[in-house]
Undergrad: 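Input: one structure, supplied below.
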Amino acid sequence: MNEIHILDVDLNLLKVFEAIYEEGSASRAALRLGLTQSAVSAAVSRLRTVYQDRLFERGGGGMVPTARAHELSATVREALNLCRKTLLATDEGSRSFSDRTISIGLSDDLEIAIGRALADRLRVDAPGLRLLLRQTNSYQATDMLAGRTVDLVLAAGGFTSRSIGRQTVMTGGYSCVAQKRPDDWAGELDLEAFLRRDHLLISSGGYVGIVDDALFALGLRRRVEVSTTHFAAVPFLLSGENAIATMPTHAARAVADLAGLEVLSCPLELPAYGIELGWRPDVLRDPAVLVVRDAIVSVFEELPL
């Protein structure tokens, strides 16, 4: 095997690798980089020679990374981010994040509640930066950070690893969402009326939720008409006049505002929940991650609860 020296390699190839890995498509990578598709194809051929691996295979309507590409991705991204950091440090007064993508793992209730506000803030704080929002839950959050598939994670209930940096950004409670009805007075709902409703359950397990646990302790049960794993489905599934859903208040308000639904107080005592923002300590050397982290904290500080 011939030894390859760094002087013989065009380091711009690493930007092509990163773009294809993140976009999953040579054509989208070309658009992102401002290159022709033939130039990207030529770069892929050179990358395959450098790393002695095909790196990306055609499949699923795009370019699928090989095991070797997955292995290289974190190192390539870290190397490019270190280079970007040195360039940003040369002129703090004119930072540009136009070639940066920061990935955030979060559940769709948080995406609905803060996604737009976060994008609006970053348009001012980090012009040109692009957000990549990846679906996750509290069971996957730690592994996603450790596997470097995301830069930051928002998770309910915290993280299982002590090596993860963290900050509590919100503590909240639960509310109900339903179609507006004349018998709902000033957003109040008693337990008897609550139990008469047809319930929509939002749960990763799909069968039992926190409301069912609270009712069981009282010797009561509710009728769950439909169960879903996605908060985004709530406006479509609550079309029935008698339907109701219980969810975190931040999500309830966002969904109700979007779909013209009513937010009702929950007649059950449910435990408060905390949301933590987590990160690997090494990513804080990256100014782009720092500006996104600070923006997330600011958005939560302004979120009505």
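This chain uses plain numbering: 1 for the first residue, then up along the sequence. Computation of the quantities below employed the complete heavy-atom set of this structure, encompassing side-chain atoms and omitting hydrogens, waters and symmetry-equivalent molecules.
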Undergrad: For Arg130, is there an ion pair with Glu23 - N to carboxylate O distance below 4.0 angstrom?
TA: yes
Undergrad: Can you hop from Val226 to Val255 via hydrophobic side chains spaced under 4.5 Å?
TA: yes
Undergrad: Might you point out which heavy atoms bring Ser73 and His70 nearest each other, and give the distance in Å?
TA: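 For Ser73 and His70, the tightest heavy-atom pair comes out as OG-O, 2.9 Å.
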Undergrad: Please give me the minimum heavy-atom distance between Ala254 and Ala113, naming the atom from each residue.
TA: CB-CA, 4.0 Å
Undergrad: Grouping I, L, V, M, F, W and Y whenever their side-chain heavy atoms are under 4.5 Å apart, do Leu13 and Tyr21 come out in a common cluster?
TA: yes
Undergrad: Does Leu47 reach the side chain of Leu72, with side-chain heavy atoms less than 4.5 Å apart?
TA: no
Undergrad: May I ask you to check whether His250 and Phe300 place their ring centers less than 6.0 Å from one another?
TA: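 Between Phe300 and His250, which both carry aromatic rings, the centre distance is not below 6.0 Å.
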Undergrad: Under a 4.5 Å cut-off applied to non-hydrogen side-chain atoms, are Arg58 and Val64 in contact?
TA: no
Undergrad: Less than 4.5 Å apart, any side-chain heavy atom of Glu276 and any of Leu154?
TA: no
Undergrad: Are any of the side-chain nitrogens in Arg68 or Glu71 under 4.0 Å away from the carboxylate oxygens of its partner?
TA: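 Salt bridge present between Arg68 and Glu71.
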Undergrad: How about Glu111 and Gln135: does a side-chain donor come under 3.5 Å of a side-chain acceptor?
TA: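 Their side chains do contain a donor-acceptor pair, which is all the 3.5 Å distance test asks for.
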Undergrad: Does Asn242 use its side chain to pair, donor to acceptor, with the backbone of Arg196 at less than 3.5 Å?
TA: yes
Undergrad: Can a donor-acceptor pair be found, under 3.5 Å and without considering hydrogens, that links the side chain of Thr168 to the backbone of Met170?
TA: no
Undergrad: So do the side chains of Ile202 and Thr246 get within less than 4.5 Å of each other, counting heavy atoms only?
TA: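 Ile202 does not reach Thr246 side chain to side chain.
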Undergrad: Between Tyr273 and Pro248, which heavy-atom pair has the shortest distance, and what is it?
TA: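 Closest approach of Tyr273 to Pro248, heavy atoms only: OH-CB, 3.4 Å.
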Undergrad: Please report the shortest heavy-atom distance between Leu238 and Val177, naming the atom on each side.
TA: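 Where Leu238 meets Val177 most closely, the heavy atoms are CD1-O, 3.5 Å.
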Undergrad: Do Thr49 and Ser45 have side chains that approach each other closer than 4.5 Å (heavy atoms only, starting at C-beta)?
TA: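 Of all side-chain heavy-atom pairs linking Ser45 with Thr49, none is under 4.5 Å.
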Undergrad: Can you find a pair of side-chain heavy atoms, one from Ser203 and one from Val208, that are under 4.5 Å apart?
TA: no
Undergrad: Just to verify, which of Leu118, Thr136, Asp151, Leu110 counts as forming a side-chain contact (heavy atoms from CB on, under 4.5 Å) with Ile104?
TA: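 In the set Leu118, Thr136, Asp151, Leu110, the residue that makes a side-chain contact (heavy atoms from CB on, under 4.5 Å) with Ile104 is Leu118.
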Undergrad: Heavy atoms only: give me the nearest Ile244-Phe194 pair and the separation to one decimal.
TA: CD1-CD1, 4.2 Å
Undergrad: Evaluate salt bridge (charged side-chain N to carboxylate O under 4.0 Å, His left out) for Arg253 paired with Asp257, printing each intermediate quantity in order.
TA: CA-CA 6 Å; Arg253 289 182 173 167; Asp257 289 344; over 6 Å; no
Undergrad: Working note: Arg77 + Glu22, criterion salt bridge (charged side-chain N to carboxylate O under 4.0 Å, His left out); need CA distance, chi angles, decisive distance, verdict.
TA: CA-CA 10 Å; Arg77 191 177 191 202; Glu22 292 183 353; 3.5 Å; yes
Undergrad: Does the pair Glu302 and Arg121 meet the rule for a salt bridge (charged side-chain N to carboxylate O under 4.0 Å, His left out), with working shown?
TA: CA-CA 12 Å; Glu302 298 170 4; Arg121 181 173 292 274; 2.7 Å; yes
Undergrad: When you measure from the side chain of Thr149 to the backbone N and O of Met144, does any donor-acceptor pair fall under 3.5 Å?
TA: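 Indeed, once roles are kept as given, a pair shorter than 3.5 Å links the two residues.
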Undergrad: Do Ile20 and Leu55 come within less than 4.5 Å of each other through their side chains, counting heavy atoms only?
TA: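 They are not in contact (no side-chain heavy atoms under 4.5 Å apart), so the answer is no.
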Undergrad: Mind checking whether Val234 and Leu200 have side chains closer than 4.5 Å, heavy atoms only?
TA: yes
Undergrad: In this structure, would Leu33 and Leu132 fall into the same cluster of hydrophobic residues linked by side-chain contacts under 4.5 Å?
TA: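 Different clusters: Leu33 never reaches Leu132 through Ile, Leu, Val, Met, Phe, Trp or Tyr contacts under 4.5 Å.
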Undergrad: For the residue pair Arg166 and Trp279, would you count it as a cation-pi contact if the rule is NZ or CZ under 6.0 angstrom from the ring centre and within 45 degrees of the ring axis?
TA: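 So Arg166 doesn't make the cation-pi contact.
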Undergrad: Check Asp53 with Arg48, please: is the shortest side-chain N to carboxylate O separation under 4.0 Å?
TA: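 No, no charged N to carboxylate O under 4.0 Å.
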Undergrad: If every non-hydrogen atom of Ala178 is compared with every non-hydrogen atom of Ala243, which pair is closest and at what distance?
TA: CB-O, 3.5 Å
Undergrad: What orientation do Phe17 and Phe56 show, parallel under 30°, tilted 30 to 60°, or perpendicular over 60°?
TA: tilted
